[in-house]
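Below is one structure, written out as structure tokens; comments come after it.
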Amino acid sequence: NAGVTQTPKFRVLKTGQSMTLLCAQDMNHEYMYWYRQDPGMGLRLIHYSVGEGTTAKGEVPDGYNVSRLKKQNFLLGLESAAPSQTSVYFCASSYYSGASQPQHFGDGTRLSIL
Amino acid sequence: AQSVTQPDIHITVSEGASLELRCNYSYGATPYLFWYVQSPGQGLQLLLKYFSGDTLVQGIKGFEAEFKRSQSSFNLRKPSVHWSDAAEYFCAVGSNSGYALNFGKGTSLLVTP
């Protein structure tokens, strides 16, 4: 049972570089989420998706883009990485709305921007 | 909009002692409340949830939480802490009209021998 799988697990980027974080879930969940976790800040929602082909902005969307071309995958892109985007990124999914249903989390991607 | 406050950033307890982690929420209607645990280097794992009904909910790993509407609280408890309980604990609140949860900033639990 894989659940929610995030790749890569670690990455170091230089300022201005771009990259894509991949999230894959095998639970046939409709809803998917990207969070960032910073010390003392808890988890903050970046973007979310309520189904294939849909995306929406969360609390801290600036500097990120997302795509949900397939139901099982949710991609998070950084077009021009900045040091302020150094963080741990978590993907989550839920069958129904994650505000009323438990969310299942991946193990995170640790991203450092130099 | 709903929000969550976890007043304690760090808590230290001795192994075998009881534990209570505090969570206060702000929401006009009946909220959906969750407690998650995060072990070092891991993602978040659901401990328990409250939607309605019995205000005392049981979760995994021997944890329980009590919903108190009058105090806007949802505190997490465990009668006897084990060293493996050392982790970060997050309280979260949601609603049936929203799409995502609002998380507290977390409480870091240290367990001493």
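The sequence lines fix the lettering, A, B, ..., with proteins before strands; numbering per chain opens at 1. Worth saying up front: this structure is predicted, and the values here are computed from it rather than measured.
Under a hydrophobic-cluster definition in which Ile, Leu, Val, Met, Phe, Trp and Tyr are linked whenever side-chain heavy atoms come within less than 4.5 Å, directly or via other members, A/Val50 and A/Tyr64 are assigned to different clusters. Cluster annotation: B/Val4 is connected to B/Ile11 through the hydrophobic network of ILVMFWY side chains, with a link wherever side-chain heavy atoms come within less than 4.5 Å. Grouping the Ile, Leu, Val, Met, Phe, Trp and Tyr side chains by contacts below 4.5 angstrom, directly or via other members, places A/Leu75 apart from A/Leu13.
No more than 12 heavy-atom neighbours from other residues, nucleotides or ligands sit within 6.0 angstrom of NZ on B/Lys49. Heavy atoms of other residues, nucleotides or ligands lying less than 6.0 angstrom from CD of B/Gln58 number more than 12. Surrounding CG of A/Leu114 are more than 12 heavy atoms belonging to other residues, nucleotides or ligands, all under 6.0 Å away. Around NZ of A/Lys71, the count of heavy atoms belonging to other residues, nucleotides or ligands within 6.0 Å exceeds 12.
Nearest heavy-atom pair, A/Gly40 versus B/Lys105, reported as atom, atom and distance to 0.1 Å: O-CD, 3.1 Å.
Per-residue heavy-atom pair counts under 4.5 Å with chain B were compared for A/Leu43, A/Val4, A/Leu45, and the maximum is reached by A/Leu43. Interface remark: of the candidates B/Gly104, B/Gly106, B/Gly43, B/Ala92, B/Gly43 forms the most heavy-atom pairs closer than 4.5 Å to chain A. Between chain A and the options B/Leu44, B/Leu46, B/Leu33, the largest number of non-hydrogen pairs under 4.5 Å is found for B/Leu44.
Between A/Gln37 and B/Phe90 there is a side-chain heavy-atom pair separated by less than 4.5 Å.
Distance check: A/Phe90 CZ to B/Gln38 CD gives 4.5 Å after rounding to the nearest 0.5 Å.
A side-chain donor-acceptor contact under 3.5 Å links B/Tyr36 to the backbone of A/Gln103.
With a 4.5 angstrom heavy-atom cutoff, A/Arg110 touches chain B only via side-chain atoms. Of the two parts of B/Gln45, neither the backbone nor the side chain holds a non-hydrogen atom closer than 4.5 Å to a non-hydrogen atom of chain A.
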